[in-house]
Each structure stands twice: as structure tokens, then as C-alpha cells.
Peer 1: 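Take a look at this one; I'll ask things after.
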Amino acid sequence: MLIEQRPSDDSEVIALVVDQQVELRARDGGREGHVYAVDPAARYLVAVMGGDAVACGALLAADMDVAEITRLYVRPAYRGRGLARRMLAALEDFAASRGHRVLRLETDVTSSDAIALFLAAGYRPIPRFGPYVRYEGSRCFEKRFDDADREVRVARRSAGDPAVVELLAAAADEMAGRYGGPDARRFPINPAARFVIATVDGVGAGCGAIQPIDDQTVELKRMYVRPAHRGAGIARRVLAALEDLAVGSHYPLIRLETGSRQPEAIRLYESAGYRPIPPYGPYVHSPLSLCYEKLVIATEAIASELA
């Protein structure tokens with residue numbers, strides 16, 4: 001699945017919004033003021049599967065800090081696959097890239113699935129705002145990304161954990177955008193890989209893994225932090241936890257590969273003491289690959305976040 005930015009007059013955006021309107025009208029009778037058309041001031045994201053536009057969402061800026069998420073919609077045939085969660089996360093990342101630190105949204109009191117989605121993603125109920133103040137059937141929510149009291153935790157998870165799966169899907173979407181397609185940098189991960197996840201207030205924010213190369217070496221894989229949570233030191237915490245995991249598993253050497261179009265990853269690894277090495281293994285013939293390694297043998301016990 002790819003998530004793309006589209007203009008408000010895009011034919012597939014319009015078709016998705018119309019379908020959403022029809023569904024809303026069938027649900028609540030289309031009460032005046034509840035169903036809205038395409039807003040030309042909003043910025044739209046569309047999820048594409050097999051060439052078909054299957055979901056959408058939009059971001060409407062209120063001011064420099066606050067934006068509203070609107071038009072979050074998944075076609076009925078594609079529900080139950082986690083697309084709504086992925087669209088919501090993509091909209092949060094898009095908002096963060098534009099400097100917004102507060103997101104608000106509205107849904108109908110009868111939309112129990114949407115309410116459950118928003119609560120699970122860390123949104124808290126707030127009083128009705130803006131155009132929804134006079135509609136008793138509206139339920140409004142808010143999520144802040146600038147709260148210093150947020151709880152950040154790092155823990156081990158299995159590769160099949162839903163939060164890990166969701167983060168890996170978001171990472172794949174971002175890499176497809178940077179490198180020109182979902183198959184541009186497809187390097188498989190070993191089933192023996194061991195994952196670490198960072199959560200912010202219980203919601204997945206970043207992940208990474210180590211997988212064995214030989215009895216002395218592990219490879220760092222699938223390092224990713226959602227854009228909405230970047231700049232808060234989460235990548236360093238995940239990296240440190242993975243190094244602790246390698247040491248605790250008696251691997252003295254960590255190797256990794258990253259892409260030349262990921263300058264933030266390059267800065268992280270170099271600042272953490274990783275040194276450049278020639279491409280190895282599956283990256284030997286990959287022109288965009290940059291490889292690094294670090295000796296992580298500790299002379300004394302490490303106080304790991306995972307202890």
C-alpha cells in the first residue's frame with residue numbers, strides 16, 4: 001500500500017469523499033451541517049492498493065500549531081485491515097512535518113469504531129469546537145505532541161506484534177516515497193530477528209531489530225521512528241536498547257546498512273560511534289547502500305532500559 005498526497009480537486013479524492021457522504025447520510029439522515037463536501041483548503045492523503053484509491057484523510061490547518069483531521073474514510077470492502085490506523089498515523093506524520101503540534105478531530109456519537117480508533121491512538125475527548133459546537137451528536141478529540149510529561153517506554157516485542165507490524169508498514173511507505181517504489185530497497189529480515197519498540201503514552205512511536213549474521217555479529221534492521229515523534233531522542237533510545245540486547249546476547253559487533261537518502265539516519269549512527277565499512281552481504285551491489293559497524297563489547301554491566 002502507498003499513501004500519496006493529492007490535491008483537493010483530484011477525481012479519486014472527490015469520489016472517496018462522495019462515498020463517505022453517502023454513507024453518513026444513510027447513517028444519520030444527513031442532518032444539516034454534518035456532511036461536508038471537499039474542502040479546497042485541506043491537504044488530502046489517499047491510500048492506494050493495487051492501483052485503486054481505497055482510503056483517504058485530510059489535514060485542515062487552524063493556525064501554525066493546531067490542525068484538524070477530517071475526511072478519514074476507508075471503503076467498506078477494505079475495512080478490518082488496519083488501513084484507518086495507518087491513515088491516521090500518516091496524517092499525524094504529515095501534520096508534524098508541517099510544524100503542527102496539536103491535532104483535533106470530530107466524529108459522530110454513533111461512530112463507535114472511529115471513537116475506539118481515536119482513543120486507542122492517544123486522543124482525548126475535548127469539548128466540541130468550531131463548527132461542531134451546536135451539534136449534540138458530535139464527539140471531539142485532541143492529541144498533543146508537545147507534552148513534556150508524555151510517557152516513553154522501550155520494550156521487547158515479537159515481529160508479529162500489531163504495533164510492530166504497523167510501524168514496519170509505515171516505514172515501508174516512507175522508504176517507497178524516498179526511493180521511488182515499494183521494491184526499490186527490499187532487503188528481507190531474518191525470522192530470528194528480535195524487535196524493540198518505543199511507545200509514547202502506550203502508542204507505538206518507533207522500532208528496530210537485531211538479527212544474527214554469525215556467532216560474533218548481529219545486524220541492525222528496521223530502525224524507524226514516526227515523523228511526529230522525531231527530534232525527541234526516541235531513535236537514540238531504541239538504538240541504545242538494541243545495543244544492550246546485542247551485548248546481553250553475547251554479540252560483540254553490530255553492523256548495519258542505511259540508504260544514502262536518509263541523512264538523519266546517517267547522522268544518528270555516526271554520532272553513536274558507528275564507523276563506515278565496505279558494503280557487505282546483500283548490499284555489495286546496492287549503489288544506494290551505506291554500511292557501518294560498531295564494537296559494543298562492554299567492560300562492565302550495562303543498565304539497559306530492557307532490564
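Keep in mind that what you see is a predicted model, and the values were worked out from it rather than measured.
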Peer 1: So, does Lys294 use its side chain to make a donor-acceptor pair with the main chain of Ala272 at under 3.5 Å?
Peer 2: yes

Peer 1: Applying the salt bridge (Lys or Arg N to Asp or Glu O under 4.0 Å) criterion to Arg226, which one of Glu92, Glu174, Glu166 satisfies it?
Peer 2: Glu166

Peer 1: If you define the side chain from C-beta out and look only at heavy atoms, does anything of Asp52 sit under 4.5 Å from Tyr78?
Peer 2: yes

Peer 1: Among all residues two or more places apart in sequence or in another chain, which pass the salt bridge (charged side-chain N to carboxylate O under 4.0 Å, His left out) test with Glu4?
Peer 2: Arg6

Peer 1: If you measure only the distance, is there a donor-acceptor pair under 3.5 Å linking the side chains of Asp214 and Thr217?
Peer 2: yes

Peer 1: Using a cut-off of 6.0 Å, state whether more than 12 heavy atoms not belonging to Arg43 lie near its atom CZ.
Peer 2: no

Peer 1: If you measure from OG1 on Thr107 to CG on Leu117, what distance do you get to the nearest 0.5 Å?
Peer 2: 9.5 Å

Peer 1: Could you tell me which non-hydrogen atom of Asp9 sits nearest to which non-hydrogen atom of Ile14, and how far apart they are?
Peer 2: O-CD1, 3.7 Å

Peer 1: Testing the basics here: between Ala95 and Leu103, what is the closest heavy-atom pair and its distance to 0.1 Å?
Peer 2: CB-CD2, 3.6 Å

Peer 1: Identify whether NZ of Lys or CZ of Arg in Arg255 sits under 6.0 Å from the centre of the six-membered ring of Tyr292 and within 45° of that ring's axis.
Peer 2: no

Peer 1: Using 30° and 60° as the class limits, which term best fits the ring planes of Tyr269 and Tyr274: parallel, tilted or perpendicular?
Peer 2: perpendicular

Peer 1: Donor-acceptor pair, distance only, cut-off 3.5 Å: does the side chain of Arg71 make one with the backbone of Val17?
Peer 2: no

Peer 1: Keeping Arg104 on the side-chain end and Ile69 on the backbone end, is there a donor-acceptor pair under 3.5 Å?
Peer 2: no

Peer 1: Do any N or O atoms from the side chain of Ser249 and from the backbone of Ala246 form a donor-acceptor pair under 3.5 angstrom?
Peer 2: no

Peer 1: Under a 3.5 Å distance rule, please check whether Arg178 uses its side chain to pair with a backbone N or O of Arg261 as donor and acceptor.
Peer 2: yes

Peer 1: With heavy-atom distances below 4.5 Å as the criterion, would you say the side chains of Leu83 and Tyr73 are in contact?
Peer 2: no

Peer 1: We want to know whether Arg236 and Ser271 form a side-chain donor-acceptor pair, criterion being a heavy-atom distance below 3.5 angstrom.
Peer 2: yes

Peer 1: Taking Asp108 for the side chain and Thr110 for the main chain, is one N or O donor matched with an acceptor at less than 3.5 Å?
Peer 2: yes

Peer 1: Are Val154 and Tyr224 linked, directly or through other ILVMFWY residues, by side chains that come within less than 4.5 angstrom of each other?
Peer 2: no

Peer 1: With heavy-atom distances below 4.5 Å as the criterion, would you say the side chains of Leu242 and Met223 are in contact?
Peer 2: yes

Peer 1: Kindly write out the residues that satisfy ring pair (Phe, Tyr, Trp, His ring centres under 6.0 Å) with Phe129, not counting sequence neighbours, or none if the list is empty.
Peer 2: Tyr132

Peer 1: Considering the options Val225, Leu239, Val238, Thr258, which one meets the side chain to side chain contact (heavy atoms under 4.5 Å, CB included) requirement together with Leu268?
Peer 2: Leu239

Peer 1: Can you check salt bridge (Lys or Arg N to Asp or Glu O under 4.0 Å) on Arg79 and Glu23, steps first, answer last?
Peer 2: CA-CA 14 Å; Arg79 292 175 190 170; Glu23 187 170 331; 2.8 Å; yes

Peer 1: Could you tell me whether a side-chain N or O of Gln211 sits under 3.5 Å from a main-chain N or O of Asn190, the two making a donor and an acceptor?
Peer 2: yes

Peer 1: Quick one: list whatever passes salt bridge (charged side-chain N to carboxylate O under 4.0 Å, His left out) with Arg75, sequence neighbours left out.
Peer 2: Asp19

Peer 1: Work out which heavy atom in Ala228 is nearest to a heavy atom in Ala96; give both atom names and the distance.
Peer 2: CA-CB, 3.3 Å

Peer 1: If we only count heavy atoms from C-beta on, is the Asp63 to Val66 side-chain gap below 4.5 Å?
Peer 2: yes

Peer 1: Between Cys291 and Leu256, is the side-chain contact (heavy atoms from CB on, under 4.5 Å) condition met? List the steps.
Peer 2: CA-CA 6 Å; Cys291 296; Leu256 64 88; over 6 Å; no

Peer 1: Which heavy-atom pair separates Ser8 from Val38 by the least distance, and what is that distance?
Peer 2: O-CG1, 3.2 Å

Peer 1: With heavy-atom distances below 4.5 Å as the criterion, would you say the side chains of Tyr44 and Leu16 are in contact?
Peer 2: no

Peer 1: Side chains of Pro252 and Leu295: does their closest heavy-atom pair fall under 4.5 Å?
Peer 2: yes

Peer 1: Hey, can you tell me if Phe141 and Phe118 have their rings parallel, tilted or perpendicular (30° and 60° cut-offs)?
Peer 2: tilted

Peer 1: For the atom pair CG (Leu105) and CG (Leu60), what is the distance rounded to the nearest 0.5 Å?
Peer 2: 12.5 Å

Peer 1: Is there a path of hydrophobic side-chain contacts, each under 4.5 Å between heavy atoms, that joins Leu88 and Phe94?
Peer 2: yes

Peer 1: Would you call Glu293 and Arg275 a salt bridge, using N to O less than 4.0 angstrom?
Peer 2: yes

Peer 1: Are the side chains of Val102 and Lys143 in touch, meaning some heavy atoms are under 4.5 Å apart?
Peer 2: no

Peer 1: Scan side-chain atoms only and decide if Tyr179 and Gln262 contain a donor-acceptor pair under the 3.5 Å cut-off.
Peer 2: yes

Peer 1: Under a 4.5 Å cut-off applied to non-hydrogen side-chain atoms, are Ile210 and Lys221 in contact?
Peer 2: no

Peer 1: What is the minimum heavy-atom distance between Ala67 and Leu59, and which atoms define it?
Peer 2: CB-CD1, 3.8 Å

Peer 1: Is there a side-chain contact (heavy atoms from CB on, under 4.5 Å) between Val196 and Arg157 once you walk through the steps?
Peer 2: CA-CA 6 Å; Val196 161; Arg157 298 282 180 88; over 6 Å; no

Peer 1: What is the minimum heavy-atom distance between Ala209 and Ile189, and which atoms define it?
Peer 2: CB-CD1, 4.3 Å

